[in-house]
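Take a look at the structure below.
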Protein chains: 2
Amino acid sequence: MPSTELPQQMSARRIDRPVPLRERVYQAMQELIISRQLAPGQHLVESELAEMLGVSRQPIREALQLLNSEGWVDLRPGYGAFVHAPTEAEVDQLLVVRAALEAESARLAALNTDAEGVARLRKLCAQGEAAVASDDIDGMVAANAELHRCVTELSANQVLLDMVSQVDRRVRWYYTPIARHRGHQSWQEHARLIDAIEAGDADAAARTMREHTERTRQSYLEQRRENPEPEVAPVQVRSRRRRTAPGV
Amino acid sequence: MPSTELPQQMSARRIDRPVPLRERVYQAMQELIISRQLAPGQHLVESELAEMLGVSRQPIREALQLLNSEGWVDLRPGYGAFVHAPTEAEVDQLLVVRAALEAESARLAALNTDAEGVARLRKLCAQGEAAVASDDIDGMVAANAELHRCVTELSANQVLLDMVSQVDRRVRWYYTPIARHRGHQSWQEHARLIDAIEAGDADAAARTMREHTERTRQSYLEQRRENPEPEVAPVQVRSRRRRTAPGV
DNA sequence: ACCTCGACTTCTGCATACAGAATACTGTAT
DNA sequence: ATACAGTATTCTGTATGCAGAAGTCGAGGT
């Protein structure tokens with residue numbers, strides 16, 4: 001019996017990975033922020049969060065460090081953590097950055113084009129069209145996110161993928177509340193993008209993606225003008241709010 | 001006497017800002033990593049670092065969180081922190097991302113062109129040329145970094161600036177040990193870039209910057225082929241190394 | 001009524017403590 | 001000698017403790 005041989009089903013990947021509390025806290029808090037249950041600007045008191053999530057302050061603090069470095073919360077030394085409140089200018093800047101990164105993704109995807117990937121893209125595109133046809137907003141948003149992610153995956157650039165994922169999550173945080181989609185037109189653009197990727201035409205792919213994200217940005221700006229501040233009732237973490245944010 | 005009026009010299013900015021230990025630890029460790037005193041792959045033992053820097057494990061852990069999220073160290077749950085060891089592929093991917101971000105910076109800078117900024121660029125360009133003429137490597141590197149930073153500042157996009165700064169620091173970490181510069185040619189490209197920005201020609205600026213960073217990338221790849229692994233003697237943090245990195 | 005001052009409370013930042021996992025060490029059998 | 005097993009040690013993850021800063025509240029003076 002070959003004892004040092006790796007067992008047959010090595011493919012079963014690390015199932016017993018100990019998921020640290022800080023990670024779960026991080027996830028939980030990010031969701032609370034994205035869903036607006038923790039409102040922008042709100043002061044996050046460590047002990048309250050700890051009590052709420054049933055852990056000590058230590059994992060809370062570590063999660064806050066992460067959330068801070070990714071732009072979800074602001075850490076003001078001596079004053080604590082506050083849910084980041086993006087300014088209009090910042091949102092716009094982020095959308096510009098996203099446009100650039102997504103355009104690069106498209107460019108690389110076109111250079112790395114492969115049949116299997118294109119097939120996945122087409123399938124997602126069809127799903128999106130179907131969602132539009134049946135007026136399924138959630139389906140549209142999901143298909144859109146997946147399609148964009150798929151393009152970035154096809155770029156075969158892990159660094160880019162990580163960065164785009166992060167940026168996209170933030171964009172969706174800003175953008176979601178008014179995310180009634182542009183519908184059919186958007187998916188036509190996607191189709192053209194996929195054509196360019198399939199043809200291996202890097203410049204066309206990059207240009208198409210840039211125009212696409214640029215239109216999304218314009219659509220955001222318009223909707224923002226009509227519907228300035230969506231606002232959702234935040235959860236009161238424990239009691240009344242104390243401690244005001246210090247002058248910035 | 002107008003008591004509630006802000007005092008005359010309000011411009012004296014927050015001098016008493018309490019710089020948290022974690023920030024200083026973060027800085028210190030980043031420098032140790034960049035200077036290769038902490039070698040890629042090395043296991044970072046919290047208690048050793050704590051002793052070395054004269055603080056408790058808490059600020060160390062918080063700094064490690066930050067360093068992890070920015071790609072300087074890898075945190076393996078249950079195994080601790082290890083200095084990130086970039087693969088060749090990853091370096092290349094990062095250079096690609098940098099090229100895209102810098103090109104976008106140039107594009108925006110051209111759109112926002114202003115005389116004062118262009119003057120600053122020209123001055124830095126002259127400094128770079130002077131450094132080349134006098135064979136001053138450090139001067140060249142410094143002028144180069146400052147010029148690129150200045151371009152990104154001119155883009156008037158804070159989000160982009162933050163992201164590029166981070167990426168650039170990492171690129172420099174990977175790149176520095178073999179950073180004999182391309183000399184005169186590089187600064188000619190800079191000059192053409194500035195011309196494009198001054199003229200407000202966004203496409204030309206983006207294209208020039210992309211070609212420039214692309215050449216830098218090629219130069220990196222070449223040098224890497226000649227001089228595969230530079231290696232610097234790492235500091236032993238306390239005693240002999242223990243704990244091997246777990247299988248990835 | 002409003003402002004000011006001072007005691008009290010809350011919160012952050014840092015240090016320390018403790019349990020369990022992971023690693024290294026040591027002795028024994030083959 | 002090598003392989004193995006069991007023990008000792010180290011290290012991480014989490015919780016708790018503590019000092020000082022920041023914020024709150026109320027009494028007294030104007």
Side-chain angles (χ1 to χ4, degrees), chain A residues 1-4 14-28 42-68 73-83 236-248, chain B residues 1-5 14-26 28 42-68 73-83 236-248:
Chain A
M1 159 181 155
S3 64
T4 56
R14 303 234 166 304
I15 47 173
D16 66 334
R17 188 184 73 142
V19 185
L21 275 189
R22 65 183 127 117
E23 299 250 336
R24 289 194 284 176
V25 171
Y26 166 79
Q27 294 268 347
Q42 182 173 349
H43 180 205
L44 300 175
V45 178
E46 296 172 3
S47 52
E48 297 183 3
L49 293 169
E51 188 184 354
M52 181 168 150
L53 299 175
V55 299
S56 77
R57 280 175 56 211
Q58 172 93 5
I60 298 284
R61 283 179 69 85
E62 296 186 357
L64 286 174
Q65 296 293 331
L66 273 193
L67 291 165
N68 173 58
V73 312
D74 299 323
L75 247 39
R76 309 244 239 308
Y79 297 90
F82 298 80
V83 178
Q236 280 309 339
V237 179
R238 192 167 67 192
S239 55
R240 68 194 174 287
R241 163 168 42 234
R242 300 167 58 99
R243 183 167 294 217
T244 56
V248 182
Chain B
M1 156 182 156
S3 65
T4 58
E5 207 71 22
R14 303 236 165 303
I15 46 173
D16 66 335
R17 186 185 75 143
V19 185
L21 273 191
R22 65 184 126 110
E23 300 248 337
R24 289 194 284 176
V25 171
Y26 166 80
Q42 182 174 350
H43 181 206
L44 300 174
V45 178
E46 295 171 2
S47 52
E48 297 183 4
L49 292 169
E51 187 184 354
M52 181 169 148
L53 298 175
V55 300
S56 77
R57 280 176 56 209
Q58 171 95 5
I60 299 285
R61 283 181 69 86
E62 295 185 357
L64 286 174
Q65 298 292 333
L66 272 194
L67 292 165
N68 174 58
V73 311
D74 300 322
L75 247 38
R76 309 243 238 316
Y79 300 89
F82 299 79
V83 178
Q236 280 307 339
V237 180
R238 191 168 68 194
S239 54
R240 68 194 173 287
R241 162 167 45 232
R242 299 168 57 98
R243 185 166 294 218
T244 56
V248 184

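In this structure, CD1 of I60(B) is placed 9 Å from P of dA15(C), rounded to the nearest angstrom. Following rounding to the nearest Å, E48(A) (CD) and dT9(C) (C1') show an atom-to-atom distance of 14 Å. Straight-line distance from the CD atom of Q42(B) to the P atom of dC11(D): 13 Å, rounded to whole Å. As rounded to whole Å, 9 Å separates atom C1' of dC14(C) from atom CD of E62(B). Straight-line distance from the CD atom of Q65(B) to the P atom of dT12(D): 13 Å, rounded to whole Å. Atom pair R22(A):CZ and dT12(D):P shows a separation of 11 Å (rounding to whole Å applied). Distance, R24(A) CZ to dG13(D) C1': 12 Å, rounded to whole Å. When the P atom of dT10(C) is taken as reference, atom CG of L44(A) falls 19 Å away, rounded to whole Å.
Summarising the geometry, atom CD belonging to E62(B) is positioned 10.0 Å from atom CD belonging to E23(B); distances are rounded to the nearest 0.5 Å. How far CD of Q58(B) is from CZ of R22(B): 9.5 Å, rounded to the nearest 0.5 Å. How far CG of L67(A) is from CD of Q65(B): 10.5 Å, rounded to the nearest 0.5 Å.
Taking 4.0 angstrom as the limit, H43(A) places a side-chain polar atom (N or O) nearer than this to OP1 or OP2 of dT12(C).
Each of L44(A), L21(A), V45(A), V25(A) was compared with I60(A) under the side-chain contact (heavy atoms from CB on, under 4.5 Å) criterion, and only V25(A) meets it.
Picking from dT14(D), dT12(C), dC11(D) the nucleotide with the shortest atom distance to the side chain of P20(A) gives dT14(D). Closest to the side chain of Y79(A), out of dT14(D), dA22(D), dC14(C), is dA22(D). Taking every side-chain heavy atom of S56(B) into account, dA15(C) is the closest of dC11(D), dA15(C), dA15(D). Nearest nucleotide to the P59(A) side chain, out of dC14(C), dT14(D), dC11(D): dT14(D).
Base engagement by R57(B) is indicated by at least one non-hydrogen atom pair under 4.0 Å involving a base atom. Using a 4.0 Å heavy-atom criterion, one finds that R61(A) contacts the bases of the nucleic acid, with or without backbone contacts as well. Residue contacts shown for E46(B) are limited to sugar-phosphate atoms, with no base heavy atom under 4.0 Å away.
Minimum interatomic distance between A50(B) and R57(B) (heavy atoms only, all atoms of both residues): CB-N, 4.1 Å.
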